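Here's the structure, in structure tokens; my notes come after.
Keep in mind the model is a prediction, meaning the values are calculated, not measured.
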Amino acid sequence: ELTIYASGIPAGQKLTVYASQFQAEASAWRAAIGTLSNGRNVLAVPQIGSQNTPRGGSLYLTYGGTNPEGIRLHIRRGTDIPVLELADWYSLSESQRRSELGRYVGELERYAAGLTGDLRTNIRNVTEISTPTMLLSLPAAAVQNGAGRSRAERIETLYQTILAWEDVMHICKTTQGIDITYAQNDMQTRQNIRCMQMFSGAFMYAAGNYIGIGYGSCAGMVSGLPIAQLSAGAT
């Protein structure tokens, strides 16, 4: 069970909580566990999927009402995982971006140092990276290893990775006739790439609301370079 104390939810508005499973099967990776009202909410987390491995993963909230900034939540019996929130990338200066990246890298280093056991099944081996167009739901240890070895290298690698993802989404959108990209992007949805179990013969797959990749591919999601920094012969 989770206990969530909520305040500031406007009357008549709905805030739904979803539980997810780390390294889930394609057939079952999340479940709605309830809606919140102001005050104390006790929610039961069901088993998601049928495998005999530790059960647990990130919590997600959906809300489409007014004044989201005024809502406050306090969650008990959960684990505070490293989260990089840079959806407001284009409204920040370079120094502000790097400051937030530095905060995240420090949190990630401390968190990853405490992970033990089989990291492919450890349900606490989770981090979330939010960019203007992407949500990367990845193993914390994979991001830690893929971004570099020093603090400065990790900050720089993640900075360039976000630029790279913006290039990727620019190409994807303009290919489909959507020319409002980069800082002019006005779409409210993001592409979600998730660490998932692979079925036989697959290295990735596209589902209805996410793209699933295997554990071994996750480090590559945070080690990209933008087009401007690629060599002339890059493809």
Side-chain angles (χ1 to χ4, degrees), residues 15-33 45-46 48-49 55-64 68 73 78-90 100-101 104 108 111 120 122-144 146-147 158 160-176 178 180-182 185-199 202-224 226:
L15 196 159
T16 304
V17 183
Y18 291 83
S20 68
Q21 174 60 40
F22 173 63
Q23 276 274 78
E25 305 159 270
S27 59
W29 70 276
R30 73 172 184 176
I33 60 174
V45 180
I48 301 172
R55 301 286 93 187
S58 292
L59 291 176
Y60 300 99
L61 307 170
T62 60
Y63 177 73
L73 303 176
T79 298
D80 184 16
I81 66 170
V83 174
L84 177 59
E85 176 53 74
L86 282 173
D88 55 352
W89 179 263
Y90 290 106
E100 178 59 18
L101 286 166
Y104 171 74
L108 180 66
Y111 186 82
R120 291 178 179 267
N122 185 336
I123 60 174
R124 291 178 173 80
N125 184 19
V126 177
T127 187
E128 302 280 349
I129 298 176
S130 169
T131 81
T133 53
M134 304 295 298
L135 177 63
L136 307 176
S137 304
L138 303 172
V143 174
Q144 166 85 346
L158 288 169
Q160 299 305 323
T161 291
I162 293 173
L163 295 178
W165 278 118
E166 286 300 284
D167 282 348
V168 168
M169 291 310 300
H170 169 76
I171 294 169
C172 290
K173 289 180 179 180
T174 54
T175 299
Q176 299 176 50
I178 302 170
I180 302 177
T181 61
Y182 295 118
N185 173 50
D186 60 356
M187 300 179 74
Q188 299 299 307
T189 57
R190 290 171 294 177
Q191 299 297 315
N192 183 207
I193 295 182
R194 307 189 61 81
C195 179
M196 301 285 286
Q197 290 186 34
M198 294 294 103
F199 43 84
F203 70 95
M204 60 83 67
Y205 63 87
N209 51 9
Y210 71 93
I211 295 171
I213 62 173
Y215 192 102
S217 300
C218 290
M221 301 298 101
V222 293
S223 57

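Looking only at distances, no side-chain donor or acceptor of S20 sits under 3.5 Å from a matching main-chain atom of G57. Side-chain N or O atoms of Q176 include one that pairs as donor or acceptor with a backbone N or O of C172 at under 3.5 Å.
Nearest heavy-atom pair across L136 and M221 is CD1-O, 3.9 Å. The shortest non-hydrogen separation linking G224 to A164 is C-CB, 4.0 Å. I123 and R55 get closest at one heavy-atom pair: CD1-O, 3.2 Å. The nearest pair of heavy atoms linking S58 to V126 is OG-CG1, 3.2 Å. Across Q197 and Q23, no two heavy atoms sit closer than the pair NE2-O, 2.9 Å. Residue A31 comes nearest to P46 through the heavy atom pair CB-CG, 4.1 Å, listed as atom of the first residue, atom of the second, then distance.
Under the ring pair (Phe, Tyr, Trp, His ring centres under 6.0 Å) criterion, W165 pairs with no residue at all, not counting sequence neighbours. Taking the salt bridge (Lys or Arg N to Asp or Glu O under 4.0 Å) definition, one finds that E100 meets it with R103, sequence neighbours left out. Residues meeting the side chain to side chain donor-acceptor pair (under 3.5 Å) test with T161, sequence neighbours left out: none. In this structure L73 satisfies the side chain to side chain contact (heavy atoms under 4.5 Å, CB included) test together with I4, A6, L36, L61, I71, sequence neighbours excluded. Contacts of Y60 classified as ring pair (Phe, Tyr, Trp, His ring centres under 6.0 Å), with partners at least two apart in sequence or in another chain: none. Listed by chain and residue number, S130 satisfy the side chain to side chain donor-acceptor pair (under 3.5 Å) test with E85 (two or more places apart in sequence, or in another chain). The side chain to side chain donor-acceptor pair (under 3.5 Å) check on D167 picks up Y182, with sequence neighbours excluded. Not counting sequence neighbours, the partners of Q191 by the side chain to side chain contact (heavy atoms under 4.5 Å, CB included) test are M134, M169. Residues satisfying the side chain to side chain contact (heavy atoms under 4.5 Å, CB included) test with Y205, not counting sequence neighbours, are A26, M196, M198, F199, A207, Y210. Listed by chain and number, the residues in a side chain to side chain donor-acceptor pair (under 3.5 Å) with N192 are S137, R194 (sequence neighbours excluded). Annotation: ring pair (Phe, Tyr, Trp, His ring centres under 6.0 Å) contacts of Y111 (sequence neighbours excluded): none.
Within a 6.0 Å radius of CZ in R30, more than 12 heavy atoms belonging to other residues, nucleotides or ligands are found.
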Check the pair T133 / E166 against side-chain contact (heavy atoms from CB on, under 4.5 Å), numbers first and verdict last. CA-CA 7 Å; T133 53; E166 286 300 284; 2.6 Å; yes

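Side-chain contact check for Y18 versus I48: every heavy-atom pair is 4.5 Å or farther apart. Proximity of T127 to I81: side-chain heavy atoms (C-beta onward) are nowhere separated by under 4.5 Å. Residues I162 and I129 form no side-chain contact, since every pair of their non-hydrogen atoms from C-beta on lies 4.5 Å or further apart.
A distance of 10.0 Å separates CD of E128 from CG of L59, quoted to the nearest 0.5 Å. Expressed to the nearest 0.5 Å, how far CD1 of I178 lies from CG of D186 amounts to 9.5 Å. For the atom pair CG (L84) and CG (L158), the distance works out to 7.0 Å, reported to the nearest 0.5 Å. Note that OG1 of T175 is 8.5 Å distant from NE2 of H170, once rounded to the nearest 0.5 Å.
Screening residues 213-223 for side chain to side chain donor-acceptor pair (under 3.5 Å) gives N125-Y215 as the qualifying pairs, with residues at least two apart or on separate chains.
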